[in-house]
There are 2 protein chains.
Amino acid sequence: MKPTLKAVAEAVGVSRSTVSNAYGRPDQLSTELRERILETARQMGYPGPDPTARSLRRGVVGAIGVLFTSRLSYAFTDPFAVRFVTGVAEAAERHDSNLLLVPLPPDASGARRAVENAAVDGFCVYCVGDEEGILAAIRGRGLPFVTTSARSGADDRWVGIDERAAARSAAAHLVELGHRRVALLGHDVLPRAASDLLRVADVADVPHPTTRDRFAGFADAFATAGVPWSDLTVLTARDNTRDAGAAATSALASLPEPPTAVLAASDVLAFGALDALREQGEWGRQVSVTGFDDIAEAATVGLTTVRQPAEQKGRTAAELLLEPPADARAGQILLPTTLVVRTSSGPVPRS
Amino acid sequence: MKPTLKAVAEAVGVSRSTVSNAYGRPDQLSTELRERILETARQMGYPGPDPTARSLRRGVVGAIGVLFTSRLSYAFTDPFAVRFVTGVAEAAERHDSNLLLVPLPPDASGARRAVENAAVDGFCVYCVGDEEGILAAIRGRGLPFVTTSARSGADDRWVGIDERAAARSAAAHLVELGHRRVALLGHDVLPRAASDLLRVADVADVPHPTTRDRFAGFADAFATAGVPWSDLTVLTARDNTRDAGAAATSALASLPEPPTAVLAASDVLAFGALDALREQGEWGRQVSVTGFDDIAEAATVGLTTVRQPAEQKGRTAAELLLEPPADARAGQILLPTTLVVRTSSGPVPRS
DNA sequence: TTGAAAGCGTTACCAA
DNA sequence: TTGGTAACGCTTTCAA
């Protein structure tokens with residue numbers, strides 16, 4: 001077995017405190033003694049204080065957790081998530097904090113357990129569907145946390161964008177181009193995935209908070225143009241992936257009066273929509289498509305989309321966690337968004 | 001302060017062991033008592049056993065660490081790294097293990113400390129430059145680990161590809177197309193970043209193990225075609241990014257006899273090369289470029305490259321860690337690679 | 001089925 | 001500058 005701090009102390013002939021200080025508080029003992037301790041430790045193969053024991057004693061872990069709905073293998077499918085984590089990592093590194101990636105099982109009790117078992121000093125909550133159960137579990141542990149989608153309590157730390165206004169800007173752009181018959185594409189639109197094509201009685205019924213907010217924004221712009229919610233076609237992707245976006249979009253072709261534009265709630269879904277539309281030949285190519293996030297590929301392909309600062313969002317979230325603002329009201333940070341118009345959106349084709 | 005297990009025990013009027021069992025070993029006590037304990041705990045706001053204390057006592061953390069050279073914000077710049085982590089995450093999730101992302105500071109002692117302070121049950125080492133120092137630190141802790149680039153000891157677990165043969169296949173393809181005057185593009189080619197354009201006395205001098213192996217493979221194929229190492233132009237990117245690849249490649253234009261092809265040690269570098277060459281007008285467009293990894297964008301752009309199974313590499317690494325093979329010799333897994341020929345490579349232009 | 005006692009490997013405090 | 005003592009919060013024998 002690996003030697004412990006105690007063994008080193010005995011070998012050197014000093015107390016455990018002194019050995020501990022040799023590692024954690026070099027100023028508390030003479031350089032000479034410290035050297036002697038470190039040297040003996042090296043010879044004995046002592047790897048330094050055990051991280052777990054130190055955490056227990058100090059009450060600090062030195063890691064922050066990033067909470068994801070569902071499997072990471074799925075979450076990382078969206079470049080936006082990767083950029084968010086990158087931002088979190090950047091800030092964490094500056095604070096000598098490690099990053100613990102915590103995927104949440106779909107069932108509530110499993111998710112709760114995952115939160116309860118994570119050895120961290122705080123949480124960044126990345127776009128979780130069911131915020132409430134998760135937040136309750138976090139609060140239960142008494143750990144600080146930062147939310148990035150739905151806002152929770154007024155005093156809770158949060159970083160995000162004005163989802164609804166941002167979505168509205170994309171829709172307004174299409175309205176201006178003359179589009180009136182359009183489809184909205186999102187995931188988690190229904191409690192359970194039903195058919196791809198359906199009418200949702202009310203935007204407020206959409207379970208996923210982000211999808212709901214963005215859909216509401218889309219609807220705002222069209223309502224202003226005289227198009228009521230009930231006239232919008234809603235496409236439900238089974239998840240937030242390109243393939244799912246394509247599958248959901250392909251249902252459009254069979255419509256008697258197909259829409260002239262598709263507004264996607266994310267770029268990955270938008271790419272899926274483009275894939276599906278390209279397969280529809282001439283008609284499909286005429287359909288305008290907008291996305292959300294502005295991931296790198298959007299520029300390459302020419303996707304009109306809403307840009308939100310991904311890395312900055314992650315970085316800010318981590319900073320909010322690691323450098324808590326003195327004033328609680330400074331704990332809510334709204335990030336800017338921009339509509340980026342590219343070639344995937346254009347005027348309504350006359351026919 | 002949050003209540004502890006002890007407080008719950010006192011409140012219910014049972015011993016701490018019993019409360020502990022209520023959480024960790026439900027079969028050790030009557031359902032009725034268990035219910036009563038859990039209910040009281042809930043009312044008191046006890047979040048369940050503290051993860052750190054449990055880890056200390058049990059000797060198991062429930063997380064595996066992934067070691068990266070340098071900042072994560074840089075590592076995640078390469079989609080290959082993201083896919084690797086995704087694979088690791090997939091296997092980790094199956095084993096109810098969390099993922100701790102551990103960036104290693106560039107200095108040896110900082111890196112050592114990072115390894116010593118990580119609360120994990122084992123490590124996946126992702127492409128670290130200085131393997132030895134790191135591995136020594138891991139061995140010092142007595143934790144299991146899996147390596148993915150350089151192989152270490154014969155009994156150590158490892159998953160990877162035949163770097164050299166894979167690189168050779170790309171170079172052989174260019175040889176067949178008639179290329180004889182070519183440039184190799186890689187990062188960490190020199191101990192310290194010197195000029196972009198230089199002669200390296202010997203492949204064996206390249207410090208980065210992966211770059212070295214791939215360069216050696218490139219050189220193999222050209223040696224067979226009668227082109228010695230000294231006739232190959234070596235381009236040094238300051239790091240493994242698209243921009244650095246572009247910067248390094250732009251030096252080519254000023255050469256009296258510019259090469260007809262660029263062999264990059266990674267896809268991101270290859271994209272950089274393409275960026276730079278496209279700026280050179282007609283001449284640049286004629287230059288063949290090959291990459292390595294086959295990240296998603298390679299297909300979009302038509303980059304000829306060597307495919308290696310990214311997710312599988314990560315998944316296998318984690319599995320090797322979490323399900324140690326009974327036979328040590330089964331701990332070394334070689335993954336297949338394929339040369340994927342696309343449009344970025346073609347015959348030597350006559351001029 | 002329940003409980004008492006003995007740690008797990010540290011660090012913090014206070015006294016010497 | 002150094003050492004003793006008491007936790008940190010839990011789990012695990014083993015005995016009742």
Side-chain angles (χ1 to χ4, degrees), chain A residues 1-38 40-41 44-62 113 116-121 140-143, chain B residues 1-38 40-41 44-62 113 116-121 140-143:
Chain A
M1 277 292 73
K2 287 282 138 191
T4 64
L5 181 146
K6 187 183 172 195
V8 175
E10 281 162 1
V12 182
V14 295
S15 77
R16 307 210 295 264
S17 331
T18 305
V19 177
S20 176
N21 284 334
Y23 285 93
R25 304 188 161 183
D27 51 316
Q28 296 293 300
L29 68 171
S30 63
T31 321
E32 187 221 4
L33 178 55
R34 185 174 124 93
E35 280 307 317
R36 195 148 57 88
I37 292 174
L38 261 30
T40 312
M44 298 177 66
Y46 174 64
D50 178 274
T52 309
R54 159 180 283 167
S55 296
L56 175 59
R57 180 59 236 225
R58 295 226 259 224
V60 171
V61 177
R113 259 204 318 281
E116 285 166 352
N117 290 332
V120 295
D121 299 316
R141 285 196 56 183
L143 292 178
Chain B
M1 278 297 77
K2 288 279 137 192
T4 64
L5 181 146
K6 184 183 174 194
V8 175
E10 282 162 1
V12 182
V14 294
S15 77
R16 309 211 294 271
S17 337
T18 307
V19 177
S20 176
N21 283 334
Y23 285 93
R25 304 188 161 182
D27 51 317
Q28 296 293 301
L29 68 173
S30 65
T31 320
E32 187 221 5
L33 178 56
R34 185 174 125 93
E35 280 308 317
R36 195 147 57 88
I37 292 174
L38 262 29
T40 312
M44 299 176 66
Y46 175 63
D50 178 275
T52 308
R54 160 180 281 168
S55 296
L56 176 59
R57 181 58 236 227
R58 295 227 258 225
V60 171
V61 177
R113 259 203 317 281
E116 284 166 352
N117 290 333
V120 296
D121 298 317
R141 284 196 57 185
L143 293 177

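The structure presented is a predicted model; accordingly, all values stated were derived computationally and were not measured. Residue numbering restarts at 1 for every chain, and letters A, B, ... go by the order of the sequence lines.
Side-chain N/O atoms of A/T18 include one lying less than 4.0 angstrom from OP1 or OP2 on D/dG3. A close approach under 4.0 Å does occur between a side-chain nitrogen or oxygen of A/R54 and OP1 or OP2 of C/dT11. A close approach under 4.0 Å does not occur between any side-chain nitrogen or oxygen of B/T52 and OP1 or OP2 of D/dC8. Here B/R25 reaches the OP1 or OP2 of D/dT12: one of its side-chain N or O atoms lies under 4.0 Å away.
In this structure, B/Y46 reaches the sugar-phosphate backbone alone: every heavy-atom distance under 4.0 Å involves primed, P, OP1 or OP2 atoms, never a base. A/S17 comes within contact range of at least one nucleobase, with a heavy-atom separation under 4.0 Å. Among the protein residues, A/L56 comes within range of the nucleic acid bases, having at least one heavy atom under 4.0 Å from a base atom.
The backbone N or O of A/E116 lies less than 3.5 Å from a partner atom in the side chain of A/R141, making a donor-acceptor pair.
In terms of position along DNA chain C, the nucleotide closest to B/D27 lies nearer the 5' end than the nucleotide closest to the other residue of the pair B/D27 and A/P3.
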**Message:** Test side-chain contact (heavy atoms from CB on, under 4.5 Å) on A/V120 and A/V61; report intermediate values, then the result.
**Reply:** CA-CA 6 Å; A/V120 295; A/V61 177; 5.5 Å; no

**Request:** Apply the test side-chain contact (heavy atoms from CB on, under 4.5 Å) to residues B/T52 and A/T52: give CA-CA distance (whole Å), side-chain angles for both, the deciding distance (0.1 Å), then the verdict.
**Result:** CA-CA 6 Å; B/T52 308; A/T52 309; 4.2 Å; yes

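Ranking C/dT2, D/dT1, D/dC10 by closeness to the B/L5 side chain, first place goes to D/dC10.
No hydrogens or angles were tested; on distance alone, a donor-acceptor pair under 3.5 Å links the side chain of A/R57 to the base of D/dA7.
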